[in-house]
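Please read these numbers as outputs of a predicted model, since none were measured by experiment. In what follows, every chain begins at residue 1, and chains take the letters A, B, ... in the order their sequences are listed.
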Amino acid sequence: MLTYVVRRLLLSIPVLVVASFLIFTFVTLSADPLESLKQNRLASQRTIQKVTEEKHLDEPVFIRYGYWAKDAVTNQFGTTLLEERPIWPDLKRVLGNTLQLVVGAEILALLLAIAIGVYSSIRQYSVFDYTTTGLSFLGLATPIFWLALILQVVFTNIYLKWDIRLFYTAQLSSVDPPGGFGFLLDRVQHLALPMFTLAVVQVASYSRYMRASMLEVINSDYVRTARAKGLPARKVIMKHTFRNALIPITTLVGLGFGALFGGAIVTETIFSLDGMGLFFIRALTRGDPYPIMAWLMVTSVMIIVGNLLADIVYGLLDPRVRYD
Amino acid sequence: MGRRSFTVLAGALVAGASLLVANTSASVAGPSGQEQKPKFGGTVTFGADQEPGTLNTFVVGGDHLWASAAHYPTMAGTFVITPRFTYAPDLVTKVKFTRRPFTTTYFIKKKARWSDGKPVTAQDYVFTWQTIMDKRWNIISTIGYEDIATVKIINKKTVKFTYKKVFAGWRDLFGEILPKHALQGEDFNAVWKNNISNPKTNKPIGSGPFLLTAWNRGSSMVFERNKNYWGPRPYLNKIVFRFVEDTNTQVQQIRGGELDILSLQPQLAFAPLRAERSIKVLSTPGPGFEKLDFNQGHKGGGNPLLKNKFIREAIARGLDRQAIVRTVLGPVNPGLRFLDSVIIPQTSPYYKRHWLKYSFNPAAARRLMESNGCRRGGDGIYVCAGARASFRWTGTTGNQRRELTFEIAQAQMKNVGIELKAHFGPPSVVFRNYLVNGNFDIADYAWSLGSPDLSGFDSIYGCRTETEAQQNNMGYCNRQVDALMKKVATELDQRRQAMIMNQALALLANDLAILPMYPLPSFVIHKRTVRNVKDNPLSIGVFWNLNKGGWWKQ
């Protein structure tokens with residue numbers, strides 16, 4: 001197992017290097033951080049030339065990549081190109097904010113999806129099963145941006161009609177949030193809508209997997225044997241069926257968890273949540289490759305680690321699986 | 001009781017009841033025609049669609065709308081430009097200028113001071129000039145300042161600058177004064193990255209009615225009342241900028257009271273907001289002007305047919321510009337009219353309708369084409385000297401206004417036998433590639449006047465050389481226009497400046513090098529509970545009156 005893990009990690013390094021070079025090239029070739037300055041008819045040409053030389057903007061891409069790589073390794077991803085703001089403190093901040101959103105959404109989605117999946121499989125072809133199946137497909141088909149906007153409109157209209165502030169439509173917290181429990185409540189009121197938006201699609205997806213996995217296990221020989229032996233239905237489901245049916249879901253969540261660190265770009269943009277997704281969009285809009293690269297490296301590492309952990313957990317859960 | 005007594009009593013009772021009702025109504029509604037008295041206190045939340053990276057607006061990286069917006073409440077300047085496009089003194093009581101030699105003398109207000117109590121002095125003016133001209137710093141623009149030859153401090157509150165040559169835009173200089181006592185000796189490229197404060201004390205600093213007291217990255221900026229402000233006390237205690245990227249979210253937030261004011265690009269999606277009772281919409285024609293550029297051979301590009309004036313005139317005559325304005329911007333600004341001139345704003349007393357002779361007349365457009373030998377093909381499109389009258393229409397993607405304008409124009413042009421094809425791209429591609437390389441036929445985009453000063457447009461409409469008129473991407477050159485626009489830059493009197501510019505515009509209109517479309521209106525939405533919000537279509541926007549008390553909350 002250790003050999004397997006080390007080999008996976010070592011193989012990831014060239015993947016990261018190639019991915020980082022490609023992304024750096026695409027971003028630097030497609031955007032010019034001095035674009036708005038060059039469009040300013042009053043801008044000093046001397047200053048533009050000076051900054052171009054200072055920031056190596058006139059150098060070939062691979063040389064500029066070299067400067068970035070040096071900064072990334074020796075200076076915590078360096079600073080933004082023009083404003084020279086350290087990148088790592090901002091990245092740490094937005095990573096923490098994204099974690100609040102996605103972990104909350106994942107927990108909510110898993111709790112609902114597992115319950116729905118289990119009950120649907122037990123009551124296969126029932127009204128509940130058909131209803132949740134239909135809603136799942138609806139959830140999968142619903143565009144996130146549309147759902148987010150609709151939720152904002154609905155809760156704004158609730159406020160306008162009944163003067164009740166159930167949830168806020170954007171940001172992580174109020175400008176002057178109260179302390180203690182009030183702060184927690186304020187945070188929940190701000191995160192509720194984006195969490196629900198993210199969870200809808202995840203519930204739809206996970207519940208389908210859970211249902212399929214439960215049905216596969218329910219119809220297996222050992223479960224039939226357990227029933228034939230006279231075990232109570234509850235024990236058959238919870239002890240023998242449910243735990244085995246969880247294995248695919250566990251690996252699914254593990255595989256997707258790493259990607260979640262990249263941030264839910266659409267959701268964070270619409271709800272103006274200061275997270276990884278919005279960080280990426282802002283950097284892309286400015287045409288600054290340095291924060292984009294930092295975002296990419298953090299997200300890539302998380303995905304690689306997440307995938308590796310999912311494989312390891314799968315091997316631990318299923319003794320039939322062995323890694324060399 | 002007799003009948004007469006009863007009648008008198010009943011009448012008195014009715015009269016008394018009427019008076020009571022009238023009084024009650026009057027006290028609820030307030031005496032008609034009178035404004036409520038401004039109240040002190042409260043916080044106004046302003047929606048900002050982008051967060052700046054730095055707050056040093058002088059250096060590269062700081063050329064950001066919201067970085068400038070953070071300076072409007074905090075840093076005073078020589079003048080404030082009013083909505084009427086006039087310069088109102090702010091830090092100064094007056095400025096005197098002489099023509100030969102060209103000098104400007106600033107008389108700083110005695111009471112003008114920084115938030116730490118130190119007075120704003122002539123030294124601060126000198127320091128500002130020296131900082132801008134210091135080659136160590138990555139200053140965005142030195143225009144005007146580089147023409148200053150010498151400076152003389154006459155007394156603590158009076159400073160005189162002598163220029164190498166006449167600079168017509170002098171009123172736009174010293175729009176913000178830097179505090180010498182706070183910034184001297186500092187690395188100017190590195191100051192004000194995260195705040196507007198004195199690096200020596202780490203305390204917020206400013207000469208305006210508010211101070212930036214907190215910047216919660218990714219979330220908000222908080223401005224609190226400057227207790228040491230030397231001008232009229234601002235009504236509000238606090239202004240908060242909240243960063244909300246998505247426009248639809250901003251709209252829901254202002255409906256729901258999470259935001260109080262928004263200043264947006266006008267879009268059709270906002271038109272229904274006019275019907276919301278709790279919201280007021282302000283929209284004023286601004287100095288920005290949308291126009292069509294005709295490529296007459298820049299860098300060998302463009303359709304050769306456009307070199308013929310009759311083709312350009314047929315296009316102008318075939319476009320119903322008022323219909324376009326009505327569709328594209330009417331719902332957000334119902335009274336908006338299309339433009340018949342450029343550069344000089346439509347609301348200016350100097351505005352003249354030089355392009356009036358090209359008003360909408362599709363029959364005249366068709367006559368023009370046919371009288372110049374063009375014949376309509378089987379597809380209804382004219383063929384002129386063997387070439388189809390088919391042109392690329394260049395615009396920027398993601399801009400709903402421009403996309404809609406193209407669709408309307410395409411239909412209108414088809415009616416006069418001219419074909420338009422979409423040639424859209426992202427702004428960076430359009431402005432850094434298509435226009436620069438002459439890879440377009442007709443381009444739809446905008447320029448804007450930053451201030452009442454009209455100089456600088458020779459770089460766009462003058463004759464292009466190796467070093468001059470680098471933003472003339474049309475292959476257009478009229479020596480008279482070139483000379484007149486250069487002369488504008490040396491004319492100090494605003495009225496005479498406008499007169500010279502109008503002479504140039506008359507020639508530009510005659511050549512039909514461009515076709516004005518419409519002014520870009522400002523678009524401000526605010527809750528009715530926020531009072532005294534007055535629109536200013538220039539970049540300072542609604543912040544312009546903060547130095548006179550500003551907004552207040554009901």
**Study point:** Interface moiety of B/Ile140 toward chain A, non-hydrogen atoms closer than 4.5 Å
**Key:** both
Point to revise | Nearest-0.5 Å distance, CG of residue A/Leu149 to CD of residue B/Gln252 | key: 8.0 Å
Check your understanding: By a 4.5 Å heavy-atom criterion (distance strictly below it), what part of B/Glu245 contacts chain A: side chain, backbone, both, or neither?
Key -> both
**Study point:** Interatomic distance, A/Ser272 atom OG to B/Arg242 atom CZ [nearest 0.5 angstrom]
**Key:** 9.0 Å
Check your understanding: What part of A/Leu160 is in contact with chain B, defined as an atom under 4.5 angstrom from a non-hydrogen atom: side chain, backbone, both or neither?
Key -> side chain
Exercise for review: Determine which residues belonging to residues 43-53 of chain A lie within contact range of chain B, meaning some heavy atom pair is under 4.5 Å apart, and list them by number or answer 'none'.
Suggested key: A/Ala43, A/Ser44, A/Arg46, A/Thr47, A/Lys50, A/Val51
Point to revise | Atom group of A/Asp176 that falls short of 4.5 Å from chain B, counting heavy atoms | key: side chain
Practice item. Against chain B, label A/Phe279 side chain, backbone, both or neither, depending on which of its atoms sit under 4.5 Å from a heavy atom there. Key: neither
Review point. So how far is it from B/Asn189 CG to A/Leu82 CG, rounded to the nearest 0.5 Å?
Key: 11.5 Å
Revision key, fill the gap. Under 4.5 Å to a heavy atom of chain A? For B/Val222 that would be side chain
Review point. Non-hydrogen atoms of chain A under 4.5 Å away: do they reach the side chain of B/Asn194, the backbone, both or neither?
Key: side chain
Practice item. Measure distances from A/Leu172 to the heavy atoms of chain B and classify the residue's part below 4.5 Å as side chain, backbone, both or neither. Key: neither
Exercise for review: Could you tell me the separation between the CD atom of A/Gln171 and the CD atom of B/Glu258, rounded to the nearest 0.5 Å?
Suggested key: 9.0 Å
Exercise for review: For B/Asp482, check salt bridge (charged side-chain N to carboxylate O under 4.0 Å, His left out) against everything at least two apart and list the hits.
Suggested key: B/Lys486
Exercise for review: For residues B/Arg217 and A/Arg85, determine if any side-chain heavy atom of one lies less than 4.5 Å from a side-chain heavy atom of the other.
Suggested key: yes
Exercise for review: Apply ring pair (Phe, Tyr, Trp, His ring centres under 6.0 Å) to A/Tyr67 and list each qualifying residue two or more places apart in sequence or on a separate chain.
Suggested key: A/His56
Check your understanding: Could you go step by step and tell me if A/Gln152 and B/Arg255 meet the side-chain contact (heavy atoms from CB on, under 4.5 Å) rule?
Key -> CA-CA 11 Å; A/Gln152 288 177 329; B/Arg255 289 182 69 230; over 6 Å; no
Check your understanding: What part of B/Phe457 gets closer than 4.5 Å to chain A, counting heavy atoms only: side chain, backbone, both or neither?
Key -> both
Exercise for review: Name the member of B/Val251, B/Asp246, B/Val429 that forms the most heavy-atom pairs with chain A at distances under 4.5 Å.
Suggested key: B/Asp246
Check your understanding: At what distance, to the nearest 0.5 angstrom, does OG1 of A/Thr80 lie from NZ of B/Lys193?
Key -> 7.5 Å
Exercise for review: Heavy atoms only, distances under 4.5 angstrom: which of B/Gly62, B/Gly256, B/Gly61 has the most pairs with chain A? Name it, please.
Suggested key: B/Gly256
Exercise for review: Among the options B/Asn248, B/Thr43, B/Ile139, B/Thr142, pick out the one with the most heavy-atom pairs lying under 4.5 Å from chain A.
Suggested key: B/Ile139
**Study point:** Taking every non-hydrogen atom, the tightest pair across B/Val60 and A/Leu34
**Key:** CG1-CD2, 4.0 Å
Exercise for review: With a 4.5 Å heavy-atom cut-off (strictly below), which parts of residues 178-187 of chain A touch chain B? List them by number.
Suggested key: none
Practice item. Can you establish whether the number of heavy atoms outside A/Phe196 located under 6.0 Å from its atom CZ is more than 12? Key: no
Practice item. Below 4.5 Å from any heavy atom of chain A, which atoms of B/Val240 appear? Answer side chain, backbone, both or neither. Key: side chain
Review point. Given side chains that start at C-beta, do those of A/Asp274 and B/Asn216 come closer than 4.5 Å, heavy atoms only?
Key: no
Review point. Roughly how far, to the nearest 0.5 Å, is the CD1 atom of A/Ile270 from the OG1 atom of B/Thr247?
Key: 11.0 Å
Review point. Do B/Glu51 and A/Arg282 sit within salt-bridge range, that is, some charged N less than 4.0 Å from a carboxylate O?
Key: yes
